[in-house]
Amino acid sequence: MNLDRQLDAEPTEHDNTLADRLASPRLRRLLHTAIGLSEDSVDLLTTMTTRLRAAEGMILRDPLEDY
């Protein structure tokens, strides 16, 4: 999960080590799946995540918005 690399770069051992530290098995699996995706695929994944949250009534507030 080195953010200095291209999104579609091959996963590294460091990426996998960081993903393995996550407590949630589902989140860990998602991250392992997302490592190495193209930028377009990551954008699509983000869009779908937002839509699923909205469908479940779980809209998250933008941390950059002021109240």
Side-chain angles (χ1 to χ4, degrees):
M1 294 185 328
N2 182 347
L3 298 179
D4 295 332
R5 291 186 307 113
Q6 292 285 76
L7 287 175
D8 58 355
E10 286 296 313
T12 66
E13 189 58 38
H14 180 69
D15 295 330
N16 291 320
T17 300
L18 288 176
D20 287 340
R21 290 182 183 172
L22 295 172
S24 167
R26 291 179 177 167
L27 185 55
R28 190 170 45 247
R29 182 175 178 203
L30 175 63
L31 191 54
H32 276 292
T33 302
I35 293 172
L37 290 178
S38 68
E39 187 171 348
D40 287 341
S41 294
V42 171
D43 288 344
L44 179 59
L45 181 60
T46 302
T47 299
M48 293 308 298
T49 301
T50 301
R51 290 179 181 173
L52 287 170
R53 283 186 180 139
E56 300 249 335
M58 298 173 45
I59 299 293
L60 300 176
R61 92 171 173 81
D62 185 343
L64 300 177
E65 285 183 6
D66 292 327
Y67 283 95

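- Residue Leu52 belongs to no hydrophobic cluster, having no ILVMFWY side-chain heavy atom closer than 4.5 Å to its own.
- Remark: Ser41 pairs with Leu37, Ser38 by the side chain to side chain contact (heavy atoms under 4.5 Å, CB included) rule, at least two apart or across chains.
- Between Asp40 and Leu44, every side-chain heavy-atom pair lies at or beyond the 4.5 Å cut-off.
- Within the model, atoms OG1 of Thr49 and CG of Leu30 stand 7.0 Å from one another, a figure rounded to the nearest 0.5 Å.
- Counting only residues at least two apart or in different chains, side chain to side chain donor-acceptor pair (under 3.5 Å) contacts with residues 18-36 comprise Asn16-His32, Asp20-His32.
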